[in-house]
K.L.:
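Quick one: the structure is below, and I'll ask about it shortly.
Chain letters run A, B, ... following the sequence lines, proteins first and then strands; every chain starts at 1. These numbers come from the heavy atoms of this one structure, side chains and all, not from hydrogens, waters or symmetry mates.
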Amino acid sequence: MTMKKPTPVKGTRDYYPADMAFRNWLYGRAREASRKFGYQEFEAPFLETLDLYAAKSGEELVKEQAFVFQDRGGDEITLRPELTPSLARMVSARIGQLTFPVRWWSFGPFWRYERPQKGRTREFFQWNLDLIGVDNPQADAEIAAVVCEFFRSVGLAPQDVKLQVNNRRLMEEALATLGIREEARATAFRLIDKKEKMETAAWEAYALESGLSADQVRGLQGLLADLELWKQSGELQEFFAAMEALGVRDYVEYNPSVIRGLDYYTGTVFEARDAAGEFRAILGGGRYDNLVADVGGGKLPGVGFAMGDLIIGLVLKKSGKEPSLRVVPADVLVTTFSAQERDAAMRTAQELRKAGIAAEWYPSVERLPKQLKYADALGIPLAVIAGPDEIRDGKVTLKDLTARDQATVRAEDLAQEIRKRLAGRQTG
RNA sequence: GUGGCUGUAGCUCAAUCGGCAGAGCGCUGGACUGUGGAUCCAGCUGUUGCGGGUUCAACCCCCGUCAGCCACCCCA
């Protein structure tokens with residue numbers, strides 16, 4: 001009985017070795033930026049109870065977009081759609097033992113039940129980084145500076161990407177002066193979030209429909225056009241000054257229409273975008289001063305961000321900064337000359353491994369050209385050839401596929417000869 | 001959840017008005033029996049996503065279905 005060709009689960013991605021190499025590279029860059037600022041790596045469960053997210057992450061995210069199912073005991077379980085609530089839970093559980101401030105980061109998979117499209121899948125990876133226990137604008141700036149350090153390390157300059165910053169407290173005060181009450185704040189935030197995504201006329205109609213007066217709509221438009229609005233916020237003034245001190249002021253800019261979708265943000269909010277504005281936000285984050293308390297911990301302020309692996313990949317590709325990564329780890333292919341030399345070839349490969357060299361052995365007897373083509377196709381730079389002539393003399397031939405030359409050396413000198421070749425390559 | 005586009009060889013894609021299903025790349029072999037990337041020659045590969053319908057005849061038109069992509073929504 002033949003099975004119908006199985007299809008992958010909608011919205012998941014297969015990581016073939018080349019994809020895995022990119023993911024690992026991204027992980028490495030994130031780890032390096034995190035490490036430089038003293039952040040510690042942690043991981044949370046991929047499964048959480050549904051109520052952890054209830055009324056914290058945003059209605060839509062939990063009710064519409066979380067993977068939820070019942071376990072065999074009947075409990076409502078969700079595949080985590082984001083990390084911050086888990087982080088808040090973990091911190092809250094050890095609030096008496098941890099040394100504050102806490103600087104933690106993580107890189108792992110998340111799931112959202114959405115319709116897949118460009119830059120969005122149902123299963124994706126996120127880099128999360130959070131600073132908990134400090135509530136000043138300098139802490140916000142440090143978080144932003146980690147982002148900038150990351151961008152710099154992957155080759156994205158301030159002219160390629162911008163960190164756009166705003167502050168919810170500032171916007172709340174500004175809304176109040178327009179006579180927009182607290183009850184209407186969520187609506188107003190939504191309007192702010194929409195402003196840059198809609199045509200002006202459509203946005204105005206939508207705003208009026210949402211219950212704002214014509215005056216309020218005009219006032220809101222005025223706010224969103226005011227790039228100097230941040231000067232009315234002491235927090236943002238300090239934030240930008242701190243970015244200056246950290247030497248990354250050129251990566252950030254004020255944008256009054258950045259507000260972020262998650263409900264738990266309380267102060268500074270930011271998102272990074274490509275300069276051309278072609279893609280969605282590369283990452284988003286901000287200050288959440290009530291979240292730890294909301295999951296039953298004490299009052300603990302926090303600030304952090306999350307970066308998905310998809311958009312950053314698209315931006316890097318678009319800007320030509322995609323790394324060229326070697327997928328094949330082997331530095332040398334030990335060829336099998338014929339059945340008579342097969343055991344000798346296996347021994348040679350094993351000797352190289354003992355010497356710390358990544359060596360592939362060609363696992364069947366084939367014509368030499370085919371074996372060398374294999375090495376070429378995989379990008380293995382060196383090949384070892386040992387036929388009857390070499391073996392009789394206790395020698396092997398080391399072929400450099402890149403330099404297009406070869407030398408016959410004594411078998412016991414092979415590892416050293418290979419190291420010499422590889423060293424010359426890496427410095428060059 | 002709503003709307004649009006697309007499914008043809010391993011990959012990228014062609015196929016005129018409905019009239020024998022093709023090319024490039026790749027792969028295999030050879031030119032070259034102990035030496036790779038170039039070149040040349042030869043060769044292999046198909047349930048045209050799947051199911052039904054219309055027709056003398058369907059990759060092409062119609063209906064359904066599945067999958068992928070894109071946009072909305074939301075967000076990393």
K.L.:
Measure from the side chain of A/Pro116, starting at C-beta and using heavy atoms only, and say which of B/rG37, B/rC69, B/rC72 lies closest.
P.N.:
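Nearest to the side-chain atoms of A/Pro116, counting from C-beta on, is B/rC69.
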
K.L.:
Contact class for A/Asp309 (heavy atom, under 4.0 Å): base, sugar-phosphate, or nothing?
P.N.:
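The answer is nothing, as A/Asp309 stays clear of every strand by at least 4.0 Å.
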
K.L.:
Quickly work out the A/Leu368 CG to B/rU35 P distance and round it to whole Å.
P.N.:
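About 7 Å, once rounded to whole Å.
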
K.L.:
What is the distance, rounded to the nearest whole Å, between atom OH of A/Tyr362 and atom P of B/rU35?
P.N.:
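Rounded to the whole Å, the gap is 16 Å.
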
K.L.:
Sequence neighbours left out, what passes side-chain contact (heavy atoms from CB on, under 4.5 Å) with A/Glu351? Give chain and number order.
P.N.:
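So A/Glu351 forms a side-chain contact (heavy atoms from CB on, under 4.5 Å) with A/Lys354.
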
K.L.:
Counting the benzene-type ring for Trp, do A/Trp25 and A/Phe22 have ring centres under 6.0 Å apart?
P.N.:
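Yes, the ring centres sit under 6.0 Å apart.
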
K.L.:
Using a 4.0 Å heavy-atom cut-off across all strands, classify A/Ile312 as base, sugar-phosphate, or nothing.
P.N.:
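If one applies the 4.0 Å heavy-atom cut-off, A/Ile312 turns out to touch nothing in the nucleic acid.
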
K.L.:
Out of B/rG68, B/rU35, B/rC73, which nucleotide sits closest to the side chain of A/Lys399?
P.N.:
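Of the candidates, B/rU35 comes closest.
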
K.L.:
Between B/rG51 and B/rA58, how far apart are the two C1' atoms, rounded to whole Å?
P.N.:
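These two C1' atoms come out 15 Å apart once rounded.
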
K.L.:
Record whether the side chain of A/Gln406 comes under 3.5 Å of the base of B/rU35 through a donor-acceptor pair of N or O atoms.
P.N.:
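Donor-acceptor pair under 3.5 Å: yes.
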
K.L.:
When the distance from OH of A/Tyr206 to P of B/rC72 is rounded to whole Å, what number comes out?
P.N.:
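After rounding, the gap between these two atoms is 14 Å.
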
K.L.:
Measure the distance from CG on A/Asp130 to C1' on B/rA76 and round it to the nearest whole Å.
P.N.:
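Those two atoms, CG and C1', are 14 Å apart.
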
K.L.:
Report the stems of RNA chain B as range-with-range entries sorted by first number; a stem here is at least three consecutive pairs, Watson-Crick or G-U wobble, both distances under 3.5 Å, and write none if there are none.
P.N.:
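Listed by first number, the stems are B:1-7 with B:66-72, B:10-13 with B:22-25, B:27-31 with B:39-43, B:49-53 with B:61-65.
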
K.L.:
Round to a whole Å and report the spacing from CD1 of A/Ile282 to P of B/rC75.
P.N.:
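It is 18 Å, rounded to the nearest whole Å.
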
K.L.:
For A/Ala375, report the nucleic acid contact type (base, sugar-phosphate, nothing); a contact means any heavy atom under 4.0 Å.
P.N.:
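Touches nothing.
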
K.L.:
Would you call A/Glu32-A/Arg35 a salt bridge at under 4.0 Å N-O?
P.N.:
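Result for this pair is yes, salt bridge flagged.
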
K.L.:
Assign A/Thr408 to base, sugar-phosphate, or nothing according to its heavy-atom contacts below 4.0 angstrom with the strands shown.
P.N.:
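Nothing, no nucleic acid heavy atom in range.
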
K.L.:
Quick test of the criterion, 5.5 Å between centres and less than 30° between planes. Is A/Phe124 stacked on B/rA76 or not?
P.N.:
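Per 5.5 Å and 30° rule: yes, stacked.
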
K.L.:
Scan A/Lys118 against the nucleic acid and name what it touches under 4.0 Å (heavy atoms): base, sugar-phosphate only, or nothing.
P.N.:
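If one applies the 4.0 Å heavy-atom cut-off, A/Lys118 turns out to touch the sugar-phosphate alone, with no base involved.
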
K.L.:
For A/Glu341, report the nucleic acid contact type (base, sugar-phosphate, nothing); a contact means any heavy atom under 4.0 Å.
P.N.:
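Nothing, no nucleic acid heavy atom in range.
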
K.L.:
If you measure from the Lys or Arg side-chain nitrogens to the Asp or Glu carboxylate oxygens, is any gap between A/Arg13 and A/Glu123 under 4.0 Å?
P.N.:
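Salt bridge: no.
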
K.L.:
Tell me if the side-chain of A/Arg280 makes a donor-acceptor pair with the base of B/rA76, cut-off 3.5 Å, by modelled atom types.
P.N.:
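No, the side chain and the base share no sub-3.5 Å donor-acceptor pair.
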
K.L.:
Looking only at heavy atoms, what is the nearest atom pair of A/Glu149 and A/Phe37, with distance?
P.N.:
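In terms of heavy atoms, the two residues are closest at CB-CE1, 3.9 Å.
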
K.L.:
To the nearest Å, how far apart are A/Arg120 CZ and B/rC72 P?
P.N.:
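My rounded result for the distance is 9 Å.
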
K.L.:
Would you mind telling me which residue lines up with the more 5' stretch of RNA chain B, A/Gly387 or A/Gln126, judged by nearest nucleotide?
P.N.:
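Nearest-nucleotide comparison on RNA chain B picks A/Gly387.
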
K.L.:
Give me the ring orientation class for A/Tyr15 and A/Phe125: parallel if the planes are under 30° apart, tilted from 30 to 60°, perpendicular past 60°.
P.N.:
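Perpendicular, since the angle between the ring planes exceeds 60°.
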
K.L.:
Would one find more than 12 heavy atoms of other residues, nucleotides or ligands at under 6.0 Å from atom CZ of A/Arg342?
P.N.:
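No, because the 6.0 Å sphere around CZ of A/Arg342 holds 12 heavy atoms or fewer from other groups.
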
K.L.:
CD of A/Gln371 versus P of B/rU33: gap in Å, rounded?
P.N.:
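About 16 Å, once rounded to whole Å.
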
K.L.:
Find every protein N or O atom lying less than 3.5 Å from an N or O atom of nucleotides 25-31 of chain B, and list the pairs.
P.N.:
none

K.L.:
Can you work out whether A/Gly11 or A/Pro388 has the more 5'-proximal nearest nucleotide on RNA chain B?
P.N.:
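Nearest nucleotide further toward 5': that of A/Pro388.
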
K.L.:
Answer whether the closest heavy-atom distance between the side chains of A/Leu246 and A/Tyr251 falls below 4.5 Å.
P.N.:
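Sidechains of A/Tyr251 and A/Leu246: no contact.
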
K.L.:
For the P atoms, the ones on B/rG52 and on B/rA76, what distance do you get once it is rounded to whole angstrom?
P.N.:
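Going atom to atom, P in each nucleotide, I get 46 Å.
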
K.L.:
Are A/Ser86 and A/Tyr53 side-chain neighbours, meaning at least one heavy-atom pair lies under 4.5 Å?
P.N.:
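Side chain of A/Ser86 against side chain of A/Tyr53, heavy atoms only: contact under 4.5 Å found.
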
K.L.:
If you look at every strand shown and take non-hydrogen atoms under 4.0 Å, does A/Leu283 touch a base, only sugar-phosphate, or nothing?
P.N.:
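Counting heavy atoms under 4.0 Å across all strands, the contact made by A/Leu283 is with sugar-phosphate only.
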
K.L.:
For A/Phe337, report the nucleic acid contact type (base, sugar-phosphate, nothing); a contact means any heavy atom under 4.0 Å.
P.N.:
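Touches a base.
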
K.L.:
Return the value, rounded to whole Å, for the distance between atom CD1 of A/Ile385 and atom P of B/rG34.
P.N.:
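The answer, rounded to whole Å, is 12 Å.
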
K.L.:
Relative to the ring of A/Phe150, is the ring of A/Trp127 parallel (under 30°), tilted (30 to 60°) or perpendicular (over 60°)?
P.N.:
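A/Trp127 vs A/Phe150 ring planes: tilted.
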
K.L.:
Hey, does the Lys NZ or Arg CZ of A/Arg122 hover above the aromatic six-ring of A/Tyr113, less than 6.0 Å from the centre and inside 45° of the axis?
P.N.:
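The answer is yes, since A/Arg122 meets both limits relative to A/Tyr113.
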
